Amino acid sequence: MWLTKHLIKTLLSSFKDKPTLSKIHALLITSGLINQRNPATKLISSYAQIGDIKVARQVFDKLPQRGIDAWNAMIIAYSRMGFSNDVVGVYKEMINEGIKPDSSSYTVAIKACASLCDFEMGEEIWHQAVGFGYKDDDFVGCSVLNLLSKGGRMVEAKAVFEGMKRKDLVCWTTMVTGFAKIGQGLEAVGVFREMQEQGMVGDGIVMLGLIQACTDIGDMNVCLSVHGHLIRRNLLMDVVIYTSLVDMYAKNGHLCLAYRIFCNMPQKTVVSWSALVSGYAQNGLAGEALELLIEMQRVGYRPDLASLVSALLACSHVGYLKMGRSIHAYILRRQELEHISATAAIDMYSKCGALSSARELFDMIGCKDVILWNTMIASYGIHGHGEAALSVFHDMIKTNSYPDDATFASLLSALGHSGLVEQGQYWFNEMINRFRIEPSEKHYACVVDLLARAGKVEEALDLINSMKKHEAGMSIWAALLSGCHNHRKFSVGELAAKKVLELQPDDSGIYSLVANFFASAKMWKEMAEVRKAMRMAGMKKVPGYSMVEVKGKLHAFLMEDKSHYQYEHMVLIIEKLDSEMRAMGYTPKIEFVFHDIEEEVKVKMLSFHSERLAIAFGLLNTEPGTKLVINKNLRVCGDCHEAIKYISKIVNREIVVRDVKRFHHFKHGVCSCGDYW
DNA sequence: ATAGGGTTAG
């Protein structure tokens with residue numbers, strides 16, 4: 001055999017195509033060199049590099065004696081392919097065969113555990129590494145930093161980091177990114193500054209962590225200065241960095257800027273598109289998000305799950321059930337439904353009024369995680385099905401899923417809206433004592449709401465006064481006031497009303513609550529003052545609109561929307577309904593009009609609120625008996641709430657109105673959610 | 001010589 005060992009080595013490092021590799025492989029076998037450590041190891045890495053991991057494994061398995069080099073070649077091969085399970089598998093085999101891992105085996109194995117989020121295993125390997133004298137190894141240490149930061153354990157990570165003798169750029173980057181990822185942007189910036197003070201020069205990757213930190217901090221000045229820094233340092237070349245910038249500006253609501261950067265990017269990837277789609281969706285610009293999803297497909301990008309999930313979010317925002325369904329079906333066809341997209345689809349179904357579809361999907365998901373459970377509980381909650389929410393919660397406990405703060409926020413809110421007071425109080429206490437979760441302001445607001453609805457306003461006030469770590473905010477006082485209003489508890493109510501006014505509401509619904517309270521308490525002077533204050537505050541400028549999906553298309557209506565092609569027909573329907581309603585005993589609640597105009601005009605304004613236009617349009621264009629689902633961007637008006645009860649009876653239809661807070665199911669003259677508030 | 005830090009989504 002004229003091929004020397006040396007020549008084989010050279011060949012293996014310079015030729016990366018499969019036919020050549022196979023030829024060399026054959027030569028190694030015929031020459032017997034295959035059984036020597038060095039060429040075999042080389043062969044394994046070469047096969048791994050061209051992505052032929054199976055052959056690499058075969059070579060590895062056939063080796064008569066395997067040294068640490070061969071093991072590492074194999075473990076690194078799996079790591080490069082992203083096969084973390086196999087990495088851990090090979091590591092375990094090594095241990096079983098009595099091979100002593102070295103620095104690189106530990107490093108790669110711990111990295112694999114981090115990407116699998118298998119923190120137990122990761123820590124076990126870490127301890128083994130320490131036991132074998134790799135305590136001060138930089139690579140192992142850095143892998144550990146990554147493991148801890150992936151688990152959000154930045155306090156421990158910081159301790160390890162501080163103990164490291166030589167901190168290189170990779171370690172610093174891990175710390176910066178770690179803090180940024182868990183929402184501690186300021187800490188991340190602090191670490192970056194420290195790094196600069198140590199004279200370390202950053203690269204694009206550490207800047208990526210810094211961009212994420214800025215995204216989290218949300219201060220435009222910081223964002224712009226980091227952007228400037230990138231330009232000055234000439235680091236603005238990588239697609240990934242551009243994409244991150246798009247995300248940063250989009251998440252902070254600067255969509256024009258995000259879009260401009262997106263358009264001017266030298267190249268784009270699917271991720272760049274996804275980042276923009278998600279930016280639009282998260283900022284409530286559902287139409288733009290969906291258009292962008294279509295546009296990206298048109299120019300040849302196959303949407304990834306992130307963009308599809310964002311599109312589902314957009315659908316749930318505007319109640320676009322038909323589009324939501326087809327996106328869900330598309331994900332199913334691609335066989336890519338997993339937890340995140342399933343959760344998004346469940347949320348979409350429930351927010352579009354298709355609660356049973358949400359449940360059906362939920363039941364099909366095996367091995368549910370916390371967010372999935374929480375989403376189902378919240379779904380029942382917004383529809384006013386407290387018992388169902390509680391039963392899902394019980395299932396959750398039975399399967400040993402551990403509830404978190406969000407679980408209880410959804411559960412307590414669901415119980416409150418269904419008047420399950422004892423259950424609410426019980427689980428609030430269990431949350432604190434058994435699950436050791438500290439109540440947040442949100443939890444307090446739920447329980448205050450729960451108690452106040454039941455008329456236990458003194459108890460609610462005691463709870464508010466017992467709050468130590470939080471200051472009671474608008475939601476808490478408004479909930480209390482509403483209970484006082486409904487149960488004619490005037491003295492606590494007066495206190496709550498004052499607190500609400502002190503906090504300067506920017507929502508006309510809250511002003512009307514205060515005014516109504518003063519009216520029922522016969523405190524006329526205060527009532528007049530509230531009306532005056534309201535005029536002075538000049539209420540939110542957000543125009544109210546309602547949407548209805550008819551035959552798979554979304555139709556939006558603004559108040560008194562005369563431009564609509566069916567306006568005359570809609571007016572006729574509204575007027576006809578109006579006279580029938582009055583005959584049944586309905587009187588318009590003009591306190592819900594906040595303009596200084598004549599009463600007759602006020603009444604007219606009420607009956608042309610956007611929700612009623614949407615209902616009229618729905619009635620006109622659907623078969624009798626069809627359920628109508630209306631979506632409103634603000635809170636449904638109190639008068640309309642009353643009127644829709646009558647309408648549901650007159651036309652004998654189920655009418656579902658979703659407003660910012662929850663769902664109102666109107667059927668046979670009643671609303672499932674009881675009181676308006 | 002090898003290995004450790006990177007973008008979007010519930």
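What you see is a predicted model; the values in this text were computed from it and never measured. In what follows, chains carry the letters A, B, and so on, assigned in the order in which the sequence lines appear, proteins first and then strands, with residues in each chain numbered from 1.
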Listed in order of residue number, which residues of [range] have a non-hydrogen atom at under 4.0 Å from DNA chain B?
| range | result |
| --- | --- |
| residues 157-182 of chain A | Asp168(A), Leu169(A), Val170(A), Cys171(A), Thr173(A), Thr174(A), Lys181(A) |
| residues 266-285 of chain A | Val271(A), Ser274(A), Ser278(A), Gln282(A) |
| residues 313-333 of chain A | none |
| residues 73-80 of chain A | Ile76(A), Ser79(A), Arg80(A) |
| residues 357-369 of chain A | Asp369(A) |

Going 5' to 3' along DNA chain B, which are the first and last nucleotides with any atom under 4.0 Å from a heavy atom of chain A? dT2(B) to dG10(B)

Once you apply a heavy-atom cut-off of 4.0 Å, does [X] come out as touching a base, just sugar-phosphate, or nothing?
| X | value |
| --- | --- |
| Ser341(A) | nothing |
| Lys150(A) | nothing |
| Asn146(A) | sugar-phosphate |
| Asp238(A) | base |
| Asp203(A) | base |
| Asp247(A) | sugar-phosphate |
| Thr375(A) | nothing |

Between the side chains of [X] and [Y], is a donor N or O closer than 3.5 angstrom to an acceptor N or O?
| X | Y | value |
| --- | --- | --- |
| Asp304(A) | Ser307(A) | yes |
| Arg359(A) | Tyr349(A) | no |
| Glu288(A) | Tyr259(A) | no |
| Ser115(A) | Ser84(A) | yes |

In this structure, which one of Asp137(A), Asp138(A), Asp136(A) forms a salt bridge (Lys or Arg N to Asp or Glu O under 4.0 Å) with Lys165(A)? Asp136(A)

Quick one: does [X]'s side chain get under 4.5 Å of [Y]'s, heavy atoms only?
| X | Y | result |
| --- | --- | --- |
| Ile68(A) | Lys100(A) | no |
| Met207(A) | His229(A) | yes |
| Asn631(A) | Val318(A) | no |

Using side-chain contact (heavy atoms from CB on, under 4.5 Å) as the criterion, list what pairs up with Met265(A), not counting sequence neighbours. Val239(A), Tyr242(A), Thr243(A), Val246(A), Phe262(A), Lys268(A), Ser272(A)

Quick test of your reading of the model: are Arg66(A) and Glu93(A) salt-bridged, counting only N-O distances below 4.0 Å? no

Got a sec, which residues hit ring-ring contact (aromatic ring centres under 6.0 Å, His included) with Tyr249(A), two or more places apart in sequence or on another chain? His227(A)

Around atom NZ of Lys167(A), are there more than 12 heavy atoms from other residues, nucleotides or ligands closer than 6.0 Å? yes

Residue pairs involving residues 176-189 of chain A (criterion salt bridge (charged side-chain N to carboxylate O under 4.0 Å, His left out); sequence neighbours excluded): none

Tell me which pairs pass salt bridge (charged side-chain N to carboxylate O under 4.0 Å, His left out) where either residue lies in residues 236-261 of chain A, with sequence neighbours left out. Asp247(A)-Lys251(A)

Report the relative orientation of the aromatic rings in Trp71(A) and Phe60(A); use parallel for angles under 30°, tilted for 30 to 60°, perpendicular for over 60°. perpendicular

How would you list, by chain and number, every residue that makes a side-chain hydrogen bond (donor to acceptor under 3.5 Å, both in side chains) with Tyr47(A), sequence neighbours excluded? His25(A)

Indicate every side-chain donor-acceptor pair of residues 104-111 of chain A with a distance under 3.5 Å to a residue at least two apart or in another chain.
from: Ser104(A); atom 1: OG; to: Asn72(A); atom 2: ND2; distance (Å): 3.1
from: Ser104(A); atom 1: OG; to: Asp102(A); atom 2: OD1; distance (Å): 3.1
from: Ser105(A); atom 1: OG; to: Asn72(A); atom 2: OD1; distance (Å): 2.9
from: Ser105(A); atom 1: OG; to: Asp102(A); atom 2: N; distance (Å): 2.9
from: Ser105(A); atom 1: OG; to: Asp102(A); atom 2: O; distance (Å): 3.2
from: Ser105(A); atom 1: OG; to: Asp102(A); atom 2: OD1; distance (Å): 2.8
from: Thr107(A); atom 1: OG1; to: Ser103(A); atom 2: O; distance (Å): 2.6

Do Trp373(A) and Phe393(A) have their ring centres less than 6.0 Å from each other? no

